[in-house]
Amino acid sequence: MPQIDRIETTIVDLPTIRGHILSMTTMTVQSAVLVRIRFSDGSEGIGEGTTIGGMSYGAESPESIKSVIDTYIAPVLETCDGDGINALIDAMERSVKGNPIARCAVETALWDGLARRLGVSVAQLFGGPVRTALPVAWTLASGNSETDIAEARDLLERRRHNIFKLKIGTRDMRDDLAHVATICEAVGREASIRVDVNQAWSLTEARWGLRGLQEIGVDLVEQPIGEDHVDQLKLLTDGFEIGVMADEALKGPKSAMRVAAGRSADAFAVKIAQSGGLKRAAEVIAIAQAAGIGLYAGTMLEAGVGTAAALQLFSTVPVLEWGTELFGPFLLKDEILTRPLEYRDFAVHLPEGPGLGAEIDPERIEPFLRDKPRRSYM
Ligand code: MUC
Ligand code: MG
C-alpha cells in the first residue's frame, strides 16, 4: 500500500503568445499551479491546477489553488493509501468545499501516480481509449479581424486546426457581429466557426445576438448569458436553430443534472477542472450522454499537464460531437513538458506512456517559477 508521503505545489507564470481577449479579461500570462505527489514506494504523480485571468473567470486564483492544496488538502491526504482514489476524492470533498480546480489538480496527480505504478495510461483506468486522435479547435481572440483571419489561414494551411472559436461580448453587439461575419466570410467554408460570449449578454441581447449569429452561419454559441440563468439558457436553446453550449454553468454533476433535466443546452463544454476532477467530469459526461446532449472537451487553457489529463479522459468517450479545444500549450510561448503533446491533421494525439504520458521538464519551467528559492518542487 503506497502511502502519500508529500504533496508539493509550485506556481509557474507562463507568458502567452499574444493577448488573449475574453469578455471578462485580456490574458498575457497564464499561471499554472503544478502539483507533484510523492508516494512511499518512490513513485510520483503530477497534476496541474489552472484558471483564467486571475479571479476574473471564476472564484479560484492561482494563489488560492496553491494555498488550498498546501493548507487544507495536503494535511488530510498525507499518510493515506495512495491507491484509494475514491476514498481520497471523498476526503477532499468533505474537507474542502468548492475549489474544484485545486481538487482536480491533486486528483490528477493521484491518477497519474496510480497509473504509473500499474504501468498503464490514465485512460486505461477509465476503461481504455476509444480513439487516439481528437479533433481540436483553436480560439481566435486577438481582438482584430484581420489578425484573426491571418491566424486562421495559417493554421488551416498547416492542418493544425479547422475549428475556430471566436471570443465575443466585449464590444457593441453590431461590432461583434460584423467581426464574426468577416471571419466567417474569409474562412467559414473550410472551417467550423463557433463563438464564446463568456456570459456577457443579457437575455434580450442574446436573442438579437443568436439571431445574427445564426444568419451569419455560425455553428455554435457558448455560454451567451450568465451561468445562473439556466432557465434563460433554455429559452435560447429552444428558440433558435444555432447550437447552444453550456460552459460556466457546468460545475460538476449536480449543476450538469440541472441543465440536463430541462435540456437547457444542446451541448456541454466539459472541463476536468471546472467539474472538480476527472472522476466528476466523467459523471458530467455520463449525464450528457443520458440526456442526449452533445459533448465538447473544454479547457481552462491549461499547460501540458492539465491538457494531457483531459486528453486521457476524453480519449475514452466514444462520441464527441463538437470535438475538443485542448490547445492550451499552443497559447503559451514556452513548452513545459519534456515531450510536447502532438498536434497534426487537425487533431491532438493521445500521448503514449504510463500515467498522463506527460513529464515536466525542470529546466524548461525554471525561468517561470514564481517562488524562489526554486529547488524545492523539482
Ligand atoms: C472558455 O470559456 O471556454 C477556453 C478556450 C478559450 O479560448 O478560453 C477558454 C475558456
Ligand atoms: Mg467557454
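One-based numbering along the sequence shown. Just so you know, these numbers come straight off a predicted model, no measurement behind them.
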*N-O pairing of E93 and R280 below 4.0 Å*: yes

*asked:* Less than 4.5 Å apart, side chain to side chain, heavy atoms only: is that true for V319 and L295?
replied: no

*Is it the case that one hydrophobic cluster holds both V195 and M24, taking links as side-chain heavy atoms less than 4.5 Å apart, direct or via other members?*
yes

_With heavy-atom distances below 4.5 Å as the criterion, would you say the side chains of P2 and D81 are in contact?_
yes

*Atom SG of C80 and atom CE of M1: how far apart are they, to the nearest 0.5 Å?*
8.0 Å

*Let me know which of L213, I168, D266, L236 forms a side-chain contact (heavy atoms from CB on, under 4.5 Å) with V221.*
L213

*Give the C-alpha distance, both sets of side-chain angles, the deciding distance and a yes or no for side-chain hydrogen bond (donor to acceptor under 3.5 Å, both in side chains) between E248 and N198.*
CA-CA 8 Å; E248 289 93 318; N198 284 117; 2.8 Å; yes

*Just checking, is any N or O donor in the side chain of E241 or Q214 under 3.5 Å from an acceptor N or O on the other one?*
yes

_Is it the case that over 12 heavy atoms from other parts of the model lie below 6.0 angstrom from the CD atom of E63?_
yes

_Sidechain-backbone polar pair: N99 side chain, K97 backbone, donor-acceptor under 3.5 Å_ = yes

*Passes side-chain contact (heavy atoms from CB on, under 4.5 Å), D361 versus L337? Steps please.*
CA-CA 5 Å; D361 186 329; L337 298 184; over 6 Å; no

*Consider only side-chain heavy atoms of I, L, V, M, F, W and Y, link residues closer than 4.5 Å, and tell whether V180 and I163 are in one cluster.*
no

*asked:* If we count only N and O atoms by modelled type, under 3.5 Å, do the side chains of Q199 and D247 hold a donor and an acceptor together?
replied: no

*If Ile, Leu, Val, Met, Phe, Trp and Tyr residues are connected whenever their side-chain heavy atoms lie under 4.5 Å apart, and connections chain through other members, are V68 and M55 in the same group?*
no

_I'd like to know if the side chain of E60 and the backbone of I65 have a donor-acceptor N/O pair within less than 3.5 Å._
no

*For the pair H161 (side chain) and V136 (backbone), establish whether a donor and an acceptor sit closer than 3.5 Å, ignoring hydrogens and angles.*
yes

*Under 6.0 Å from the six-membered ring centre of F346 and within 45° of its axis: does the NZ or CZ of R160 meet both?*
no

*State, to 0.1 Å, how close T237 and A265 come at their nearest heavy-atom pair, and which atoms those are.*
OG1-CA, 3.5 Å

*List the atom of T324, the atom of V348, and the distance in Å for their closest heavy-atom pair.*
OG1-CG1, 4.1 Å

*asked:* With rounding to the nearest 0.5 angstrom, report the CE to OG1 distance, M300 to T51.
replied: 3.5 Å

_Strictly distance-based, threshold 3.5 Å: is any side-chain N or O of E107 a donor or acceptor partner for the main-chain N or O of K279?_
yes

_Strictly distance-based, threshold 3.5 Å: is any side-chain N or O of R339 a donor or acceptor partner for the main-chain N or O of E352?_
yes

_Any donor-acceptor N or O pair under 3.5 Å, side chains E321, Y296_ = no

*Minimum side-chain heavy-atom gap Q312-L350 below 4.5 Å*: yes

*asked:* Looking at every heavy atom in both G209 and L177, which two are closest together, and how far apart are they?
replied: O-CD2, 4.1 Å

*Are K66 and T9 linked by a side-chain donor-acceptor pair shorter than 3.5 Å?*
yes

*Provide the closest heavy-atom pair for F268 versus A256 in the form atom of the first, atom of the second, distance.*
CZ-O, 3.7 Å

*State whether R153 and E190 are salt-bridged, where the test is any N-O pair (Lys NZ or Arg NE/NH1/NH2 against Asp/Glu carboxylate O) under 4.0 Å.*
no

*Pairwise side-chain contact, T28 with P15, heavy-atom cut-off 4.5 Å (strictly under)*: no

_For F126 and W111: C-alpha separation, side-chain torsions, deciding distance, then whether ring pair (Phe, Tyr, Trp, His ring centres under 6.0 Å) applies._
CA-CA 10 Å; F126 283 85; W111 288 116; 4.7 Å; yes

*Is there a side-chain contact (heavy atoms from CB on, under 4.5 Å) between L311 and L134 once you walk through the steps?*
CA-CA 8 Å; L311 264 172; L134 291 81; 3.8 Å; yes

*Is it the case that more than 12 heavy atoms not belonging to R211 sit under 6.0 Å from its CZ atom?*
no

*E151 and W138: side chain donor to acceptor below 3.5 Å*: yes

*Say whether, by atom type as modelled, one donor and one acceptor occur between the side chain of S275 and the main chain of G277 under 3.5 angstrom.*
no

*Between atom NE2 of H349 and atom OG of S315, what is the distance when rounded to the nearest 0.5 Å?*
13.0 Å

*Decide yes or no for L341 and P351: does some side-chain heavy atom of the first lie under 4.5 Å from some side-chain heavy atom of the second?*
yes

_Donor-acceptor check, side chain of R258 to backbone of A249, threshold 3.5 angstrom: yes or no?_
no

*What's the verdict on salt bridge (charged side-chain N to carboxylate O under 4.0 Å, His left out) for D238 and R263, showing C-alpha distance, side-chain angles and the deciding distance?*
CA-CA 9 Å; D238 291 346; R263 210 186 174 287; 5.9 Å; no

*Flag the pair E325 and K167 as a salt bridge only when some basic side-chain nitrogen lies within less than 4.0 angstrom of an acidic carboxylate oxygen.*
no

*Do you see a donor-acceptor pair shorter than 3.5 Å between the side chains of E302 and T299?*
yes

*asked:* Is it the case that the side chains of S142 and D148 hold a donor-acceptor pair, with the cut-off being a distance below 3.5 Å and no angle test?
replied: yes

*asked:* Contact between T139 and H20 at the side-chain level, heavy atoms closer than 4.5 Å - yes or no?
replied: yes

*Taking E222 for the side chain and D196 for the main chain, is one N or O donor matched with an acceptor at less than 3.5 Å?*
no

_Donor on one side chain, acceptor on other, S43 and D41, under 3.5 Å_ = yes

*Can you check whether R6's main-chain N or O pairs, donor with acceptor, with E78's side chain at less than 3.5 Å?*
no

*In Å and rounded to the nearest 0.5 Å, what is the CZ to CG distance from F327 to L155?*
10.5 Å

*asked:* Less than 4.0 angstrom from a charged side-chain N to a carboxylate O is my criterion; do E157 and R159 meet it?
replied: no

*Shortest non-hydrogen separation from S31 to R370 and the atoms involved*: OG-NH2, 3.5 Å

*asked:* Just verifying a value: how many Å separate T307 OG1 and E48 CD, rounded to the nearest 0.5 Å?
replied: 6.5 Å

*Hphob cluster co-occupancy, V230 + V284, side-chain heavy atoms under 4.5 angstrom*: yes

*What pair of heavy atoms forms the shortest contact from Y57 to I52, and how long is it?*
CB-O, 3.2 Å

*Indicate whether any N or O donor in one side chain lies under 3.5 Å from an N or O acceptor in the other, for H179 and S145.*
yes

*Side-chain contact test, heavy atoms from C-beta onward, threshold under 4.5 Å: evaluate it for R103 versus I69 and give yes or no.*
no

_N/O donor-acceptor pair under 3.5 Å between D219 side chain and S192 backbone_ = no

_L88 side, atom CG; L77 side, atom CG - distance, nearest 0.5 Å_ = 5.5 Å

*Do L331 and R18 come close enough that some side-chain heavy atom pair is under 4.5 Å?*
yes

*Consider only side-chain heavy atoms of I, L, V, M, F, W and Y, link residues closer than 4.5 Å, and tell whether L34 and M92 are in one cluster.*
yes

*Taking 4.0 angstrom as the limit, do R36 and E44 come out as a salt bridge?*
yes

*For Y72, look at atom OH and say whether over 12 heavy atoms of other residues, nucleotides or ligands are found less than 6.0 Å away.*
no

